[in-house]
Amino acid sequence: METSCDRISPLVVNPGKIMLTSSRLYFQPFNNLEPEPVTKMNLTEMKRILKRRFLLRQVGLEIFCSKDSLIADMYLVLPTAVERDKLYEHLIEQEDVCLMENDKENMLLKWQSGSVTNLDYLLYLNSEADRSFNDFTQYPVFPWVIADYTSPTLDLSDPKTFRDLSKPIGALNPKRLTRFKERFSDMPEPRFLYGSHYSTPGYILYYLVRVAPQYMLCLQSGRFDQPDRLFNSIQETWSNVLSLPSDVKEVIPEFYLPEYSDFLINKQSLDLGVRQDGSKVNHVTLPPWSSDPKDFCKKCREALESEYVSMHLHKWIDLIYGFKQCGKEAEKYDNLFYYLTYEGAVDIEKVKDPNERAAIEAQIMEFGQTPKQLFTKPHPTRFPATGSDEMNSDDGKLADGTEYEEEDEEYVDDDVIESEVVDQDGSKYSDEEESLETNNWSQLASLTLYQRHKLHRDMVTSLCLSGDNKLVYSVSQAGVFKVYSFEEQQQVRGINLSSMPLSSIILLPNEKMVLIASWDNSLYLYSMEFGRVISQLTLHDDAISDMFWQDNMLFTCSWDSTIKVWLYDPVADPKKLSLAPIMELDHDAGVSCIHVNSSNSQILSGTKDGNVYLWDVECQTVLRQTQSHVGQVTCVKFSKDGQRMVSCGEDCYMRVVDINTGTEILAKDLGQSISCLCWPEQQHLIAGGQGELLVWDMAKAQLVTKIKAHESMIASMCLGSNLHVVTGGEDRNVILWKKV
């Protein structure tokens, strides 16, 4: 392949010709500006190839030969987007091109969970928004985060130390903002609040003049700027961006990179002139709380990674890359710039007049470009750095000593039970040694099969564990309910409740009563003491597909397209199902699964047509409805803190959404349908796939391990105490898992 293109370096657009062979990429300039007559790049050296926007047109391509380098080895601009895409496709198709794996996937989730730093996340957002260290017109933009440059020490525990990240620079000074708004109200269309931008080539060179003087000389026609306008003091610069009518600049990444702190030092002994007060411009004057340039950048980095900034950075992201960046929201949040700084404001390709086109390109190049918009909804907040609390146990008790007047013999199901016990030390099942331990869910990946029992004739649809992990309660598609003792390795209860499948089971707190939902539209209350059903109610017009009980509130969902919420206190009347209806929530399709947050204030529901609903219980309204999956939603769950939700569907996708903003922070094709999952803490999730347990690190958004479990689909799962997990499968097996 051979075509004409431009090679981009800071402030230089060098025209030439590109040629791609099976082993190398060549660039030959049409002039002698390049140090070599022909630049060669071996295809085997290429590590990353990124598409870029240049002058608000999608025509750029950056090629990196290093995994971690911030600066590309070659930045090319093609005449059109079609030609750029063609070169990109030809490059990645070459056998010698072996690009590194993209470790930037799901960066939002990783940042939110704390496994990615604020610095790395901002660098990632800049890259996604087409900001490049090779292009001063689109240089990466970072926020001012510190507001105190006069104190002798920097107190990162004091909120007053920090800048208000919810406002753009131009809105930090109320008096100046008032003047901007007065001018805005008298301005003809297209109106703007700020005539200058927060990132322009001039501002970039303002900061970098000491390490890249040649670029300022290029920009300033062979001379430096006036000494009083040069970068001379951190405090002075901060004061200027708060007060001057045309200065709203943010900072550059170098402020937070101690290894690049040389931009604050006049190492080359440049003659930068003398200011009006008689002082010579030399090194940048630092705040009293920093001892030298490296220390300054180090403390800035500490501030950037501080808890205060971590909890407020999403507000600044909304302004620069998010929903407050343009349009009505930008006007509402005092964040509106000149229209030519925004992508899509003008189609340069359609401008035929060469003079007009040159004027537009000059405007774009010299006066700044707003980054590409990455988010159209509020950006999720970061989770606090403090460790997550242990799971709270439900200490609700049923009335002690309750007796029933009559007693029935149980109907014992005569299934043949096949068992396998894997006990490496040969000892009898015991949980006593682990009774003092707490759940360490980070050890989920070390689960090992402990006991396997084929308890049912058909698929195990739902199950739960006793508090001491010695009994498993399970129901099946054959309509059978069973209780099995892992300790005694024998069946304790077994009864055929219905001719229809049983869908869900809940063990009530004192473990004397069990709630069982059925496809026959009914809910059963089963007594463990007397081995019989003591109450049965028809709750829905179609099969009950799932249910949830918490703090005396029962939630049931059905294929009749409803969720019903009931007040149910098992202590008040232990002899029967005394349900008081509270509300009914209608859907457009059958409801397949539900989950409720810890405060019973929100409900998640998934439907047969792929929709996921988020309900407000108090208002009985839908907070959010999204078409999340193709086909049926198989399971939904809140995170432990209720800030995120996960859904899985028949389309094999797992999707994680931030509750507060509705932003999807993870969408992963797992290659297999997930029928059940548990999310015991922020960072660890375990899902049941097609015969495999999938353990996920949600902080890093990556699969930790796959554990072979069942012969086919895992249909149900329950987490017990002391890191015990029990699963039920389509293969009729119930398996108890323990940590190694």
Under the 3.5 angstrom rule, does the side chain of T661 hit a backbone N or O of P378 as a donor-acceptor pair?
yes

I'd like to know if the side chain of W549 reaches the main chain of Y568, judged simply by a donor and an acceptor atom lying under 3.5 Å from each other, with no hydrogens or angles considered.
yes

Kindly indicate, with the supporting measurements, whether the criterion side-chain contact (heavy atoms from CB on, under 4.5 Å) is fulfilled by V734 and Y484.
CA-CA 10 Å; V734 170; Y484 187 85; over 6 Å; no

Checking side-chain contact (heavy atoms from CB on, under 4.5 Å) for the pair S113/R644: CA distance, chi angles, key distance, verdict?
CA-CA 11 Å; S113 301; R644 291 183 288 180; 3.4 Å; yes

For the CG atom of D616 and the OG atom of S601, what is their distance to the nearest 0.5 Å?
7.0 Å

Quiz question: by atom type and distance under 3.5 Å, do the side chains of H379 and D318 form a donor-acceptor pair?
no

Nearest non-hydrogen partners of M513 and N510, listed with the distance
N-OD1, 4.0 Å

Specify whether W316 and Y321 have parallel, tilted or perpendicular ring planes, treating 30° as the upper limit for parallel and 60° as the lower limit for perpendicular.
perpendicular

Quick one: does H314's side chain get under 4.5 Å of Q112's, heavy atoms only?
no

Stacked cation flag R532 on F530, 6.0 angstrom / 45 deg
no

Tell me whether D586 contacts the main-chain N or O of T562 through its side chain, where contact means a donor paired with an acceptor under 3.5 Å.
no

H710 backbone acceptor or donor facing R452 side chain under 3.5 Å:
no

Which residues pass the side chain to side chain contact (heavy atoms under 4.5 Å, CB included) test with S518, sequence neighbours left out?
S498, M500, L502, D520, Y524

Measure across S598 and Q550 and return the closest heavy-atom pair with its distance rounded to 0.1 Å.
O-NE2, 3.4 Å

Atom CD of E618 with >12 non-hydrogen neighbours under 6.0 angstrom
no

Just wondering, do T607 and D588 contact through their side chains at under 4.5 Å, heavy atoms?
no

Ignoring hydrogens, what is the shortest heavy-atom contact between M645 and W679? Give both atom names and the distance.
C-CZ3, 4.1 Å

CG of L693 to CE of M717, rounded to nearest 0.5 Å, is 5.0 Å

Are side-chain heavy atoms of V695 and H684 found at a separation under 4.5 Å?
no

Quick check: does any side chain N or O of T634 sit under 3.5 Å from a backbone N or O of I674, one acting as donor and the other as acceptor?
yes

Interatomic distance, CD@Q643 vs CG@D658, rounded to 0.5 Å, equals 7.0 Å

In the structure I gave you, are the side-chain heavy atoms of M107 and E128 within less than 4.5 Å of one another anywhere?
no

Could you tell me whether the side chain of Y526 reaches within less than 4.5 Å of the side chain of I505, counting heavy atoms only?
no

Indicate the atoms forming the closest heavy-atom contact of A709 with I735, along with that distance.
O-CD1, 3.3 Å

Pair D85 + K51, salt bridge at N-O below 4.0 Å
yes

For S476 and A478, indicate whether the former's side chain and the latter's backbone hold a donor-acceptor pair under 3.5 Å.
yes

Out of curiosity, T727 OG1 to N733 CG, how far, rounded to the nearest 0.5 Å?
8.5 Å

Non-neighbouring partners of E189 that pass salt bridge (Lys or Arg N to Asp or Glu O under 4.0 Å), sequence neighbours left out:
R191

Strictly by modelled atom types, are S558 and D541 linked by a side-chain donor-acceptor pair under 3.5 Å?
no

Under a 3.5 Å distance rule, please check whether S115 uses its side chain to pair with a backbone N or O of K110 as donor and acceptor.
yes

I594 CD1 to C635 SG distance, which is reported to the nearest 0.5 Å:
13.0 Å

Should H724 and L736 count as side-chain neighbours, where that means a heavy-atom distance under 4.5 Å?
yes

So which atom in N469 and which in G720 form the shortest heavy-atom distance, rounded to 0.1 Å?
OD1-CA, 3.6 Å

Passes side-chain contact (heavy atoms from CB on, under 4.5 Å), V591 versus Y613? Steps please.
CA-CA 10 Å; V591 185; Y613 293 75; over 6 Å; no

Hey, is the main chain of F481 close enough, under 3.5 Å, to the side chain of R493 for a donor-acceptor pair?
no

So do L703 and K668 actually touch side chain to side chain, heavy atoms under 4.5 Å?
no

Heavy-atom pair with the smallest gap, counting every atom of N600 and M553
ND2-SD, 3.5 Å

Does NZ belonging to K332 count more than 12 external heavy atoms closer than 6.0 Å?
no

Check whether K482 reaches the backbone of L455 with its side chain - one donor and one acceptor, N or O, closer than 3.5 Å.
yes

Within a strict 4.5 Å, meaning less than it, do heavy atoms of the L447 and T705 side chains meet?
no

Please check if the side chain of Y342 supplies one atom and the backbone of F337 the other of a donor-acceptor pair under 3.5 Å.
yes

Describe, in one word, how the ring planes of Y124 and Y121 are oriented to each other, choosing from parallel (under 30°), tilted (30 to 60°) and perpendicular (over 60°).
parallel

S712 side, atom OG; R732 side, atom CZ - distance, nearest 0.5 Å:
10.0 Å

Assess the pair F548 and H595: is the distance between their ring centroids shorter than 6.0 Å?
yes

Is the distance between the ring centroids of W615 and H587 under 6.0 Å?
yes

Applying side-chain contact (heavy atoms from CB on, under 4.5 Å), run through M528 and E511 and close with a yes or a no.
CA-CA 8 Å; M528 285 298 296; E511 302 189 1; over 6 Å; no

